[in-house]
Amino acid sequence: MSNGCYMKVLVTGGAGFIGSAMIRYLINNTKDVVINVDKLTYAGHLSSLLEVENNERYCFIRADICNRGVLDKIFEHHEPDVVMHLAAESHVDRSIEGPAAFIETNIIGTYTLLEATRKYWNTLEDDKKKAFRFHHISTDEVYGDLNETAAPFTEMSAYDPSSPYSASKASSDHLVRAWQRTYDLPTLVTNCSNNYGPYQFPEKLIPLMISNALAGKPLPVYGNGLQRRDWLFVEDHVQALYAIINKGKVGETYNIGGKLKSLILRW
Ligand SMILES: NC(=O)c1ccc[n+]([C@@H]2O[C@H](COP(=O)([O-])OP(=O)(O)OC[C@H]3O[C@@H](n4cnc5c(N)ncnc54)[C@H](O)[C@@H]3O)[C@@H](O)[C@H]2O)c1
């Protein structure tokens, strides 16, 4: 959709792990303008954006995606061509201890963002309306768990979430698809496997294991330790997200995984 022109990309959750990688990619590899909307929870760190913070194509707005009034003003003022929605509560263990924030941000926040987007989108001229994209970045955990011998998930796999986190992401996926089918909002959904890479918060498996090992602390393993996970390098992931924004088919879902045997770790 870029046709060689630049786009204005509103990224939610841009101070998080994947969002910040997305913004570094956009600023360093495209001519696009980036509006980063992030509440800066415990998981949001502007230090991951130091290399782009003074770029004239980048701006940061501290805001909660549950705040409709603020979202309306952001859309009105910045007039984005694309929304990349990455703001979320993202840690499974935290969702088990305290699910409320997951329901609030992942479900109510996504609904609020969809409604603010729809209001703005309805004001656009036909060509801009057609070219507009709302991209929801989600997880393959919506499909549940696989046993040792099962084939990998596909976009046709049934939803079977097993934690408050994955249930809240499943819910937000359904909301995004419903806004496409009901209101024709041009949406895309991507479901990715576990990411790893620079600036990941050390509650997630790979940085947790590395920092615990360096500190001589125990390495926490659930169950019998034979579980398998697909791992995706975050900088490969954001390239895939950019390709999907530009070439993806409206209303489609795309699964994104590493699929490299050497990167399927046992934990
Ligand atoms: N990290 C992974 O391995 C992984 C895997 C699959 C899917 N995902 C999905 O990708 C997206 C990004 O994941 P991540 O790992 O970068 O998450 P993260 O936890 O590192 O970052 C989330 C960001 O969202 C912000 N945020 C939280 N609540 C907000 C709110 N109400 N309003 C505005 N901003 C808010 C936080 O401040 C933070 O900067 C999430 O939707 C997550 O579900 C992540």
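If you read the sequence from its start, that first residue is 1, and numbering goes on from there.
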Checklist entry - Are His45 and Phe201 an aromatic pair by the rule of ring centers under 6.0 Å? => result yes

Donor-acceptor contact below 3.5 Å, side chain [X] vs main chain [Y]:
X	Y	value
Asn195	Ser193	yes
Arg62	Lys39	yes
Lys129	Thr123	no
Thr12	Leu86	yes
Asp32	Lys8	no
Asn212	Pro218	yes
Tyr254	Ala240	no

Next on the checklist: Could you go through Tyr165 and His91, starting from their C-alpha distance and side-chain angles, then the distance that decides it, and tell me whether this counts as side-chain contact (heavy atoms from CB on, under 4.5 Å)?
Outcome noted: CA-CA 7 Å; Tyr165 163 68; His91 190 50; over 6 Å; no

Next on the checklist: Cation-pi check for Tyr42 against Arg94: NZ or CZ below 6.0 Å from the six-membered ring centre and within 45 degrees of the axis, yes or no?
Outcome noted: yes

Next on the checklist: The test is side chain to side chain donor-acceptor pair (under 3.5 Å); show your working for Thr187 and His135 and say whether it passes.
Outcome noted: CA-CA 6 Å; Thr187 66; His135 181 175; over 6 Å; no

Membership question, hydrophobic clusters at under 4.5 Å side-chain separation (ILVMFWY): are [Y] and [X] in the same one?
X	Y	answer
Tyr242	Phe17	yes
Leu40	Val52	yes
Trp121	Val176	yes
Ile61	Ile65	no
Leu232	Ile23	yes

Check whether more than 12 heavy atoms from other residues, nucleotides or ligands sit under 6.0 Å from atom [atom1] of [X], and answer yes or no.
X	atom1	result
Lys128	NZ	no
Tyr111	OH	no
Glu203	CD	yes

Next on the checklist: Test side-chain contact (heavy atoms from CB on, under 4.5 Å) on Thr253 and Thr190; report intermediate values, then the result.
Outcome noted: CA-CA 6 Å; Thr253 293; Thr190 52; over 6 Å; no

Checklist outcome for this item: Taken in chain and number order and not counting sequence neighbours, the residues that satisfy ring pair (Phe, Tyr, Trp, His ring centres under 6.0 Å) with Tyr199 are none

Checklist entry - With sequence neighbours left out, what residues match His136 under ring pair (Phe, Tyr, Trp, His ring centres under 6.0 Å)? => result His85

Item to check | Residue pair Val9, Asp81: steps toward the side-chain contact (heavy atoms from CB on, under 4.5 Å) verdict | outcome: CA-CA 6 Å; Val9 185; Asp81 304 300; over 6 Å; no

Checklist entry - Run the side chain to side chain donor-acceptor pair (under 3.5 Å) check on Tyr143 and Asp160 step by step: do they pass? => result CA-CA 5 Å; Tyr143 302 123; Asp160 187 19; over 6 Å; no

Item to check | Sequence-distant partners of Ser168, side chain to side chain donor-acceptor pair (under 3.5 Å), two or more places apart | outcome: Asn106

Checklist entry - Could Arg118 and Glu115 be called an ion pair, given the rule that one side-chain N must be under 4.0 Å from one carboxylate O? => result yes

Item to check | Stepwise side chain to side chain donor-acceptor pair (under 3.5 Å) check, Tyr183 with Asn122 | outcome: CA-CA 10 Å; Tyr183 305 112; Asn122 273 323; over 6 Å; no

Next on the checklist: Side chains of Asn191 and Glu141 only: does a donor on one sit below 3.5 Å from an acceptor on the other?
Outcome noted: no

Next on the checklist: Between Lys204 and Ser90, is there a side-chain donor-acceptor contact under 3.5 Å, judged purely by atom types and distance?
Outcome noted: yes

Next on the checklist: The test is salt bridge (charged side-chain N to carboxylate O under 4.0 Å, His left out); show your working for Asp72 and Lys119 and say whether it passes.
Outcome noted: CA-CA 8 Å; Asp72 283 345; Lys119 180 184 172 198; 3.7 Å; yes

Item to check | Gln180 vs Phe134, side-chain contact (heavy atoms from CB on, under 4.5 Å): CA-CA, chis, key distance, verdict | outcome: CA-CA 9 Å; Gln180 197 271 320; Phe134 181 102; over 6 Å; no

